[in-house]
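Below: one structure, written as structure tokens.
Index from 1, following the sequence. Treat the numbers as computed from the prediction; the structure is a model and nothing was measured.
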Amino acid sequence: MKQIVPSIVALLAISAGGGTAYFLKSGSSSPEPASAAHDTGGDEGEGHAKPKKEKKEKKGHGSSDKNSDADAVDVTYYKFSREFVVPMIEDDRVQSLVILNLNLEVDTAISQELFSKEPVLRDNIMTTLVKLSSGGRTLNSITDVDNYETLRAMILTNLQNEIPEGIRNVLILDMARQDL
């Protein structure tokens, strides 16, 4: 009898905790079916390189509404599976590490192709970053906007040499430097 009561209490506590977690995760007391959450985009938490879709319209100075249907473009944001870590080497020693979190703005037509080419893209980007870090100034001064633009332009140019069509922009989400 002494072992039954604690077992029942533990079972009730685990059940209550599981039920509470389920309702807190869904965000409301009336949970939405899993298929409906999946169809509307659902939870896009941690995962491997998930594309995010958005309609983007190109409208510039002097554009007219008669070509607005032709200007609409489907854009996907490609997220790499992990950050880029670039060593900053001075005098044959690693002086600091720069950590970059990058996303790519791409056409929807090539989004599936990027999943299979992620190792090639990562190699291309790392080669570009190492070249820029050996130059010295670009990654040393991470608060300079001109350095951001140089970094973005060099990465974009090298990626477009690898995949000529569909990559529109390189987005720098996070950039941090740690001195060693």
Legend entry - Pairs flagged by ring-ring contact (aromatic ring centres under 6.0 Å, His included) wherever residues 160-180 is involved - sequence neighbours left out: none
Inset, instruction - Would you give the length of the straight line joining atom CG of L159 to atom NZ of K117, rounded to the nearest 0.5 angstrom? - result: 11.0 Å
Legend entry - L121/I163 under side chain to side chain contact (heavy atoms under 4.5 Å, CB included): CA gap, chis, key distance, verdict: CA-CA 9 Å; L121 296 174; I163 301 176; 3.8 Å; yes
Legend entry - Residues forming a side-chain hydrogen bond (donor to acceptor under 3.5 Å, both in side chains) with E149, sequence neighbours excluded: R152
Inset, instruction - Assess whether side chain to side chain contact (heavy atoms under 4.5 Å, CB included) is satisfied between V86 and L97, documenting all intermediate values. - result: CA-CA 6 Å; V86 184; L97 296 173; over 6 Å; no
Legend entry - Pairwise side-chain contact, M175 with V98, heavy-atom cut-off 4.5 Å (strictly under): yes
Legend entry - Donor on one side chain, acceptor on other, S81 and E118, under 3.5 Å: yes
Legend entry - Separation of Q95 CD from Q178 CD (nearest 0.5 Å): 13.0 Å
Legend entry - Heavy-atom check, side chain of I110 versus side chain of T76, under 4.5 Å: no
Inset, instruction - Using a 4.5 Å cut-off on heavy atoms from C-beta on, say whether the side chain of L104 contacts that of N169. - result: no
Inset, instruction - Would you mind reporting whether V120 and E162 have side-chain heavy atoms less than 4.5 Å apart? - result: yes
Inset, instruction - Could you tell me whether the side chain of D174 reaches within less than 4.5 Å of the side chain of L100, counting heavy atoms only? - result: no
Inset, instruction - For the pair T108 (side chain) and D74 (backbone), establish whether a donor and an acceptor sit closer than 3.5 Å, ignoring hydrogens and angles. - result: yes
Inset, instruction - Decide yes or no for F80 and N101: does some side-chain heavy atom of the first lie under 4.5 Å from some side-chain heavy atom of the second? - result: no
Inset, instruction - Drop me the distance from L129's CG to M88's CE, to the nearest 0.5 angstrom. - result: 10.0 Å
Legend entry - Straight-line distance of L11 CG to I8 CD1, nearest 0.5 Å: 8.0 Å
Legend entry - Test item: R168 side-chain N/O and V75 main-chain N/O as donor-acceptor pair under 3.5 Å: no
Inset, instruction - Keeping the roles fixed (side chain from Q160, backbone from I167), state whether a donor-acceptor pair exists under 3.5 Å. - result: yes
Legend entry - Spacing of L171 atom CG and N103 atom CG [to the nearest 0.5 Å]: 6.0 Å
Legend entry - Residue pair I99 / F84, side-chain heavy-atom distance below 4.5 Å: no
Legend entry - Any residue meeting side-chain hydrogen bond (donor to acceptor under 3.5 Å, both in side chains) with N158, in chain and number order, not counting sequence neighbours: T128
Inset, instruction - Could you pull out the closest heavy-atom pair between R122 and E83, with the gap in Å? - result: NH2-O, 3.0 Å
Inset, instruction - Kindly compute the distance separating OG1 (T157) from CD1 (I155), expressed to the nearest 0.5 Å. - result: 10.0 Å
Legend entry - V94 reachable from V85 in the ILVMFWY side-chain graph, under 4.5 Å edges: yes
Legend entry - Flag side-chain contact, heavy atom, 4.5 Å: N124 against N161: no
